[in-house]
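So the structure is just underneath, and the comments pick up after that.
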Amino acid sequence: MSVRVRRVYEPPEPDDGVRVLVDRLWPRGLAKDAARVDEWPKGLTPSTELRRWYHAGEGSYEEFARRYEAELAAPEAAELLDHVRELADRGQVTLLTAAKEPERSHAAVLVGLLG
């Protein structure tokens, strides 16, 4: 299984494999054809409430990760996570995010769960 995270603003690379956008909102200023996104499972992203709570600086990354993992246990999100896991079992998967610090974002939580 091979999963990595890249910023969606970086140009696509030949070894990206399946490119999965893991943000709920489309990245600002990015044309859809330039992003070369293969899948966009919005149900896999943090809830609006959780995202706003975290970006408001009200809690730690560790607490955000714990709450996000709890959200991912819901049936729809768990099914989408299983789908991405199946993609990774077949080859390279690149999770794309607009987060300025991908290593402290929901994408890092997903990598941890998929790896």
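From a predicted model like this one, the values you see are computed outputs, not experimental measurements.
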Looking only at heavy atoms, which two atoms of [X] and [Y] are closest? And how far apart?
X: E13; Y: R4; answer: OE1-NH2, 3.8 Å
X: Y9; Y: A98; answer: CE1-CB, 3.7 Å
X: R36; Y: P12; answer: NH1-CB, 3.3 Å
X: R6; Y: D16; answer: NH1-OD2, 2.8 Å

- Message: Show, in sequence, the C-alpha distance, side-chain angles and deciding distance for V37 and L96, and conclude whether the side chain to side chain contact (heavy atoms under 4.5 Å, CB included) test is met.
- Response: CA-CA 8 Å; V37 169; L96 302 169; 4.0 Å; yes
Following the transitive rule for hydrophobic clusters with a side-chain heavy-atom cut-off under 4.5 Å over Ile, Leu, Val, Met, Phe, Trp and Tyr, establish whether [X] and [Y] coincide in one cluster.
X: L87; Y: V8; answer: no
X: V84; Y: L21; answer: no
X: L25; Y: L95; answer: no

Taking distance alone, no hydrogens or angles, what donor-acceptor pairs closer than 3.5 Å link side-chain atoms of residues 101-115 to residues at least two apart or in another chain?
unit_1, atom_1, unit_2, atom_2, d
S105, OG, P102, O, 2.8
S105, OG, A107, N, 3.2
H106, NE2, V22, O, 2.6
H106, NE2, D23, OD1, 3.1

- So do V20 and P41 actually touch side chain to side chain, heavy atoms under 4.5 Å?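 Yes, their side chains come closer than 4.5 Å.
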- Message: Going by the rule ring-ring contact (aromatic ring centres under 6.0 Å, His included), which residues pair with W26 if we only count those two or more places apart in sequence or in a different chain?
- Response: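 W26 satisfies ring-ring contact (aromatic ring centres under 6.0 Å, His included) with W40 only.
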- Message: Give me each pair satisfying salt bridge (Lys or Arg N to Asp or Glu O under 4.0 Å) with a member in residues 49-67, each pair once, sequence neighbours excluded.
- Response: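 Output for this query lists E63-R66, E63-R67.
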Return all side-chain donor-acceptor pairs below 3.5 angstrom for residues 68-78, not counting sequence neighbours, or 'none' if the list is empty.
unit_1, atom_1, unit_2, atom_2, d
Y68, OH, L44, O, 2.4
E71, OE1, S47, N, 2.9
E71, OE2, S47, OG, 2.6

- Message: Donor-acceptor check, side chain of D38 to backbone of R19, threshold 3.5 angstrom: yes or no?
- Response: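 Yes.
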- Spacing of T94 atom OG1 and D15 atom CG [to the nearest 0.5 Å]: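 Rounded to the nearest 0.5 Å, the OG1-CG separation comes to 7.0 Å.
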- Under the salt bridge (charged side-chain N to carboxylate O under 4.0 Å, His left out) test, residues paired with E39 that sit two or more places apart: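 Partners of E39 by the salt bridge (charged side-chain N to carboxylate O under 4.0 Å, His left out) criterion come out as none, since no residue qualifies.
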- Message: Suppose we screen for side chain to side chain donor-acceptor pair (under 3.5 Å). Which residues come up paired with D82, at least two apart in sequence or across chains?
- Response: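 If we apply the side chain to side chain donor-acceptor pair (under 3.5 Å) test to D82, skipping adjacent residues, the hits are R85.
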